Amino acid sequence: MSTPDVMNKIVSLCKRRGFIFQSSEIYGGLKSAYDYGPLGAELKRNIAQEWWRAMVHEREDIVGIDASILMHPNVWKASGHLAGFSDPLVDCRNCKERFRADKAPKATPGTPTKYHKGGRTSEPEISGVVGAVGYICPTCGSSDLSDERQFNLMFRTSIGPIDPIEAVLDQIQGKQLTRAELREKLDLAVKETAIYLRPETAQAMFVQFNNVMQSVSPKVPFGIAQIGKSFRNEIVTEKFIFRTCEFEQMEMEFFCEPGTHEEWLSHWTAERVKWWKRYLNNGERIRLRQHGKDELAHYASNCYDVEYEYPWGWDELEGIASRTDYDLKKHSEESGTKISYFDQQSNDPATGKPGWRYVPFVIEPAAGLTRAVLAYLVDAYTEETGVDAEGGEKTRVLLKLHPRLAPYKAAVLPLMKKDGMPEAARSLVKEFLHSGINARYDEQQSIGKRYARHDEVGTPYCITVDHQSVEDKTVTIRDRDTTRQERIKIEEAVAVVRGKLAEA
Ligand code: ATP
């Protein structure tokens with residue numbers, strides 16, 4: 001299948017089966033904002049739950065927090081986001097596309113270019129030359145480009161009941177101001193009430209370091225984890241939910257002794273790759289890529305990306321950065337609050353005396369939850385060709401989602417809507433739900449259509465209540481991937497599914 005084909009099919013399945021909808025669709029939609037429907041909400045929640053289980057519950061050395069999206073503006077001053085969280089923005093003078101210079105196709109300066117006027121193939125061709133910047137327009141291939149300008153990615157809003165613009169209007173009434181003077185007044189007024197939607201979840205873990213230390217007394221090395229929404233005013237939103245302005249992250253800041261950070265970076269890169277692969281059918285579609293020196297963020301001494309091979313090629317899923325002691329030191333300086341760790345067991349390397357106070361180094365595995373939803377959907381989407389009852393070719397579409405990620409773990413299907421079958425099926429669903437396993441009752445249409453429907457949303461097990469069930473208290477359980485069925489005792493159905501989920 002070609003790239004647009006696969007993506008189109010996944011986008012269409014997501015809408016049709018209630019995974020992901022365009023935001024505000026009845027109003028024409030909001031560009032690149034998405035809503036997770038009944039199935040998508042379950043899938044996203046299951047991924048988050050698996051991450052939390054692996055990163056927080058199963059480790060004694062990591063605790064979780066849930067911080068607010070709005071933070072004091074000085075957080076972003078200290079972290080460097082206010083001054084430097086920007087992308088180089090370029091306009092194509094030919095087709096009017098706006099794009100990121102760092103993501104544009106590279107071309108050697110001086111190379112001749114040919115592109116169509118306005119980017120339309122029906123228009124005449126224009127000749128140009130690649131400029132010193134060394135890239136061309138990603139949409140029309142033109143080399144006729146504007147200069148780069150830096151564009152801050154943080155969403156700014158204001159807090160409090162006072163409208164800053166209203167105050168400026170009062171000030172300037174009757175005055176003749178130049179554009180620059182007016183701009184200055186507006187900037188000043190807006191700045192006083194400005195507040196930002198967080199562009200990453202990480203900063204809360206640094207800012208709350210002291211409170212976590214004082215409340216639960218962890219010993220270095222330890223981590224603080226968080227899952228939550230982040231916002232970036234992305235210049236180019238793209239590829240369905242891959243890059244959106246509102247998204248979710250799963251981040252963990254691991255605080256360690258200076259000098260042990262490279263060791264911990266190796267530990268975390270290995271752990272995270274193992275975690276991603278655990279839920280994939282095609283583990284070879286995950287790789288680690290080390291950042292080149294010129295790619296490293298200002299705070300990082302080393303960094304790896306966990307990349308997934310999406311239908312358009314390798315692209316980022318998670319960044320694992322060695323952030324040194326940069327963030328804790330910056331917040332300490334900016335806030336005037338001492339942020340450090342006292343290790344009673346070690347000797348201070350500078351003096352050789354017992355007790356060592358230091359600022360911990362940080363390893364940060366930062367994954368995208370909404371990007372994970374896309375990667376797991378891409379990995380799971382499968383078409384199988386078979387033969388129908390009349391001997392014709394038929395295609396079975398299934399989502400081979402890992403059973404722990406699947407929205408419904410089991411569908412319980414009465415073969416017919418009579419003879420006690422619906423009652424037995426409903427009572428089994430209740431049992432599943434009481435045991436914390438998400439199961440669904442489904443009696444609409446033929447049994448074949450119901451199997452197909454559940455294959456398409458990734459339900460790993462279909463349990464059918466038939467005539468025999470009523471007589472001997474047994475049901476059939478069908479495996480989504482093999483379509484094989486076996487007969488089990490109805491009273492054992494919950495335990496069987498629980499066992500399969502535990503083994504998966
Ligand atoms: P990219 O290079 O793709 O812009 P990034 O390096 O800026 O990503 P980080 O700041 O390292 O991303 O954020 C950690 C993770 O958060 C990314 O690996 C990605 O999974 C996710 N993420 C970042 N920006 C977005 C976005 N706009 N939409 C969806 N997920 C995102």
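These numbers come from a predicted model, not from an experiment. For ligands, and for the atoms within them, numbers begin at 1 and follow the listed sequence.
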Report task. For ligand 1, find out whether one of its N or O atoms is nearer than 3.5 Å to an N or O atom of Ile241. Result -> no
Query raised in the report: Does any N or O atom in Glu316 lie less than 3.5 angstrom from one in ligand 1, N or O only?
Result: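 Yes, there is a polar N/O contact under 3.5 Å.
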Query raised in the report: Within a reach of under 6.0 Å around NZ of Lys239, are more than 12 heavy atoms found that belong to other residues, nucleotides or ligands?
Result: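 Counting other residues, nucleotides and ligands, NZ of Lys239 exceeds 12 neighbours.
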Query - Crowding at CZ, Arg16 (>12 non-hydrogen neighbours, <6.0 Å) - result: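 Correct, the count exceeds 12.
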Using a 4.0 Å cutoff against the non-hydrogen atoms of [X], which atoms of ligand 1 qualify?
X      : answer
Glu234 : 24 (N), 26 (C), 27 (N)
Glu318 : 18 (O)
Phe242 : 28 (N), 29 (C), 30 (N)

Report task. Apply salt bridge (Lys or Arg N to Asp or Glu O under 4.0 Å) to the pair Asp144 and Arg93, showing each step before the final yes or no. Result -> CA-CA 6 Å; Asp144 186 11; Arg93 293 200 192 97; 3.0 Å; yes
Query raised in the report: Taking 4.0 angstrom as the limit, do Arg98 and Asp91 come out as a salt bridge?
Result: yes
Query raised in the report: Salt-bridged, Arg453 to Glu456, with N to O below 4.0 Å?
Result: no
Query - Six-ring centre of Phe361, Arg323 cation under 6.0 angstrom, axis tolerance 45° - result: no
Report summary line: Candidates Thr370, Ile320, Thr244, Leu317; heavy atom nearest atom 28 (N) of ligand 1 found on Thr244
Report task. For Glu200 and ligand 1, answer yes if some heavy atom of the residue is under 4.0 Å from a ligand atom, otherwise no. Result -> no
Requested in this report: Look at ligand 1 and say whether Glu295 reaches it with a heavy atom at a distance under 4.0 Å.
Outcome: no
